[in-house]
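Excluded from the calculations below are hydrogen atoms, water molecules and symmetry mates; all remaining heavy atoms, backbone and side chain alike, are included. Please read these numbers as outputs of a predicted model, since none were measured by experiment.
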Amino acid sequence: MSRAVHSSVIAELAKNAFEMAHLVKIDFATAVYLTDHAHDISHSSITYEAGGHLLGIAAINETSEIRVGSVSLKLSGVQQAQIATLLSGNYIDRQVTIKRVVLDSVGAIIGDPILIYDGRISHFSITDGDDSSEIDLTVASHWADFELKAGRKTNDSSQQMYFSGDKGMAFSGLMTKDIKWGRV
């Protein structure tokens, strides 16, 4: 993933010490903005909450190979609204963006945030213990279902699975012209 890095960020990274944080946006029906920094961070009129709800981000690996990547986010299970959203099934294909920022000594963002991951929620798990509750979100690249072959096919065996005895697709394999479904 190519990215441009602001010159002031490059200058800050060249110093002996610097502070970084992550900005995570989870695009539920009501978007959730979280950071792993000790204090809330404001960027573009949005406040990213630092209340300890973002517990961790797994390492994000980039390669030159063409492959579907994924990353895991660990969230606190304290916020019941997030658990309710996940359990209702209203999480599939929700966008998650992870940005990295470099901060100055007073916690202000230097330059522009750097996008390090942009994907969609593929699945989740909730782990409840005696004294803790955690949500593990798996976020996959938008290419995750590129080769997915879901649904019905236009052949006789697929038709027979749903409508036994129907001959509507019996000769579909003999058709040589592509059928443009849903087009005029």
Quick one: are Phe28 and Val96 in side-chain contact, heavy atoms under 4.5 Å? no
Honestly curious: do Val5 and Ile109 fall in one hydrophobic cluster under the side-chain, below-4.5 Å linking rule? no
Validation row: Val71, Ile57 side chains within 4.5 angstrom (heavy atoms): yes
Closest heavy-atom pair and its distance - Gly52, Ser76: O-CB, 3.9 Å
Is Val24 close to Asp36 at the side-chain level, that is, under 4.5 Å between some pair of heavy atoms? no
With hydrophobic residues grouped by side-chain heavy-atom distances under 4.5 Å, do Met20 and Val101 end up in a single group? no
Could you report the tightest heavy-atom contact between Asp40 and Ala50, atom names first, then the distance? OD1-N, 2.8 Å
Derivation and outcome, side-chain contact (heavy atoms from CB on, under 4.5 Å), residues Thr97 and Tyr117: CA-CA 6 Å; Thr97 56; Tyr117 202 84; over 6 Å; no
Are Leu86 and Tyr33 in one and the same hydrophobic cluster, where Ile, Leu, Val, Met, Phe, Trp and Tyr link if side-chain heavy atoms are under 4.5 Å apart? no
Under a 4.5 Å side-chain heavy-atom rule over Ile, Leu, Val, Met, Phe, Trp and Tyr, are Ile26 and Leu23 clustered together? no
Would you call Pro113 and His43 a side-chain contact if the rule is heavy atoms closer than 4.5 Å? yes
For Ala21 and Thr35 the tightest heavy-atom approach is CB-OG1, 4.1 Å
Heavy-atom side-chain proximity of Thr47 to Ile41 below 4.5 angstrom: no
Go through the side-chain N and O atoms of Ser133 and Asp128 and say whether any donor and acceptor fall under 3.5 Å apart. yes
pair Glu19-His37: side-chain heavy atoms closer than 4.5 Å: yes
Could you grab the distance from atom OG of Ser72 to atom CG of Leu137, nearest 0.5 Å is fine? 8.5 Å
Asp104 side chain vs Ala108 backbone, donor-acceptor pair below 3.5 Å: yes
Roughly how far, to the nearest 0.5 Å, is OG of Ser105 from CZ of Phe18? 15.0 Å
Min side-chain heavy-atom separation Ile110-Leu103 under 4.5 Å: no
Rounded to the nearest 0.5 Å, what separates atom CG in Leu55 from atom CG in Asp136? 9.0 Å
Quick one: pull up CZ in Arg94 and OG in Ser122 and give me the separation to the nearest 0.5 Å. 15.0 Å
I want to check something: taking the side chain as every heavy atom from C-beta on, are Leu87 and Ile126 in contact at a cut-off of under 4.5 Å? yes
Rounded to the nearest 0.5 Å, what's the gap from NE2 on His22 to OH on Tyr48? Could you check? 13.0 Å
OG1/Thr138 to CZ/Arg120 distance, rounded to the nearest 0.5 angstrom? 16.0 Å
